[in-house]
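Contents: one structure, followed by commentary.
Chain letters run A, B, ... following the sequence lines, proteins first, then strands; residues in each count from 1. Every heavy atom of this structure was used, including side-chain atoms; hydrogens, water molecules and symmetry mates were not. Just so it is clear, the model here is predicted, and its values are computed rather than measured.
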Number of protein chains: 2
Amino acid sequence: MSSKPLRADARRNRAKILDAAGEVFAERGVAASTEEVAARAGVAIGTVFRHFPTKQDLLGAILKDLLADLTSAGDTDLFAFFTRVVTAAAEKKVVVELLAREGVAVGVEGPVAALGDTVDRLLAAAREAGAVRADVRLDEVLALLTATAQGALWGGWPADLRERVLARVFAGLVA
Amino acid sequence: MSSKPLRADARRNRAKILDAAGEVFAERGVAASTEEVAARAGVAIGTVFRHFPTKQDLLGAILKDLLADLTSAGDTDLFAFFTRVVTAAAEKKVVVELLAREGVAVGVEGPVAALGDTVDRLLAAAREAGAVRADVRLDEVLALLTATAQGALWGGWPADLRERVLARVFAGLVA
DNA sequence: TACTATCATGAGTGGAGGCTCACTTTGTCA
DNA sequence: TGACAAAGTGAGCCTCCACTCATGATAGTA
């Protein structure tokens with residue numbers, strides 16, 4: 001997979017670029033310019049394009065990281081996981097935008113699939129425990145998850161509204 | 001309010017532009033170019049800008065029309081109205097985009113407020129009839145409405161998934 | 001230290017899209 | 001029908017942004 005180990009300065013810059021991109025895209029969404037990412041990382045624009053040949057590649061890389069963070073934690077409760085994803089999404093424009101629109105197209109099927117797997121696993125456990133109705137399907141839960149995440153982000157819901165909305169959504173799923 | 005009556009050709013072109021803009025923005029979203037609207041309307045770009053000095057003005061005008069359509073119908077059932085809005089939104093990118101992001105900023109507070117009023121009225125009636133829990137608040141319903149509409153649009157939900165998701169949302173609201 | 005492959009730099013390119021304006025066309029009305 | 005104000009036209013301006021490349025710097029190695 002990886003060819004040669006990167007030179008020390010290259011490795012440093014790559015990390016700085018990923019950090020900066022994470023911040024910039026979280027704040028401004030995918031519309032943020034590569035120029036701004038370079039500026040925040042303290043490198044020239046050419047350096048960004050050396051490491052990530054297109055903007056899509058850069059977006060794909062940070063989405064992969066963010067989804068890995070979300071999925072890695074050893075969640076055991078469907079509702080807690082749901083809440084965590086929606087809360088995180090509300091603060092990261094880019095996650096919602098990419099998942100909603102271009103997610104499948106930036107070459108991160110792996111991480112996206114992992115998120116689906118996590119929900120699948122938690123849903124099965126919740127069903128087993130009688131915490132959700134028996135007829136709740138995976139696609140419904142994923143649909144509700146992305147919808148709620150989008151609403152929270154674009155609607156700029158305050159924390160208390162977010163909690164109340166989540167409570168309503170959960171109420172529709174419990175037995 | 002209105003200064004002078006428009007010349008016949010101006011009135012015709014204005015209507016053609018609004019029709020074309022409605023189609024183009026519904027299909028391609030707010031990112032569609034004014035050039036494309038002009039082409040579909042069969043007028044020069046300058047004519048579009050004569051009638052609507054900025055793209056925002058054009059978007060505001062069609063959003064106003066679309067919201068008026070949604071709100072005007074004499075709905076009496078909250079859930080039926082909810083379903084109608086989500087279904088309509090799923091086919092009109094521009095409605096969701098504008099409501100979610102720039103809606104309040106394009107000078108259409110009137111129509112947006114009217115939509116809120118409609119939901120308010122229907123919610124009160126539903127509460128009266130015991131069709132929803134007594135503690136359901138207006139902001140929650142509006143949040144769920146926009147979230148579901150966004151999910152339906154960006155998620156590209158098929159009709160049956162949309163129905164099942166709506167059923168779950170409604171289940172969370174009923175007594 | 002000297003050498004070189006790797007990396008960084010940033011002005012520049014090309015294309016897209018909002019918007020303008022000098023000029024032409026046309027509806028309206030006396 | 002003639003005259004004029006209103007409306008239409010579209011080449012072009014300007015800004016923004018993804019992306020390139022010739023040139024200069026530097027880390028790793030002998």
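The two atoms that bring A:A32 and A:F25 nearest to each other are O-CE2, 3.5 Å, heavy atoms only.
Residues from residues 37-54 of chain A with heavy atoms under 4.0 angstrom of DNA chain C, sorted by number: A:V43, A:A44, A:I45, A:G46, A:T47, A:R50, A:H51.
Taking atom CG of A:L6 as the reference point, atom P of C:dA5 lies 18 Å away to the nearest angstrom. Atom CG in B:D9 sits about 10 Å away from atom C1' in C:dT25, given to the nearest Å. As a whole-Å value, the separation of A:E35 CD from C:dT9 P is 12 Å. For the pair A:R28 CZ and D:dC16 P, the computed distance is 14 Å after rounding to whole Å. Rounded to whole Å, the distance from NZ on B:K4 to P on C:dC29 is 11 Å. For B:R11 and D:dG8, the CZ to P distance is 12 Å, given to the nearest whole Å. Straight-line distance from the CG atom of B:L58 to the P atom of C:dG17: 15 Å, rounded to whole Å. Separating the CZ atom of A:R7 from the P atom of D:dA27 is a distance of 7 Å, rounded to the nearest angstrom.
Here the rule is side-chain contact (heavy atoms from CB on, under 4.5 Å) with B:F79, and of B:V169, B:V132, B:L166 only B:V132 fits it.
For the atom pair CZ of A:R14 and OG1 of A:T47, the computed distance is 13.5 Å after rounding to the nearest 0.5 Å. Distance check, rounded to the nearest 0.5 Å: CG of B:L6 to CZ of B:R12 gives 12.0 Å.
Between A:R14 and B:R12, the residue whose closest nucleotide on DNA chain C is further toward the 5' end is A:R14.
Phosphate proximity of D:dA7 to B:N13: absent, as no side-chain N or O sits under 4.0 Å from OP1 or OP2. Residue B:T34 places no side-chain N or O under 4.0 Å from the OP1 or OP2 atom of C:dG17.
For B:K92, the NZ atom is loosely surrounded, since the number of other residues' heavy atoms within 6.0 Å does not exceed 12.
Side chain of B:K55 to backbone of B:V30: a donor-acceptor contact under 3.5 angstrom is found. With hydrogens and angles ignored, the 3.5 Å screen pairs no side-chain donor or acceptor of A:R40 with any backbone N or O of A:E23.
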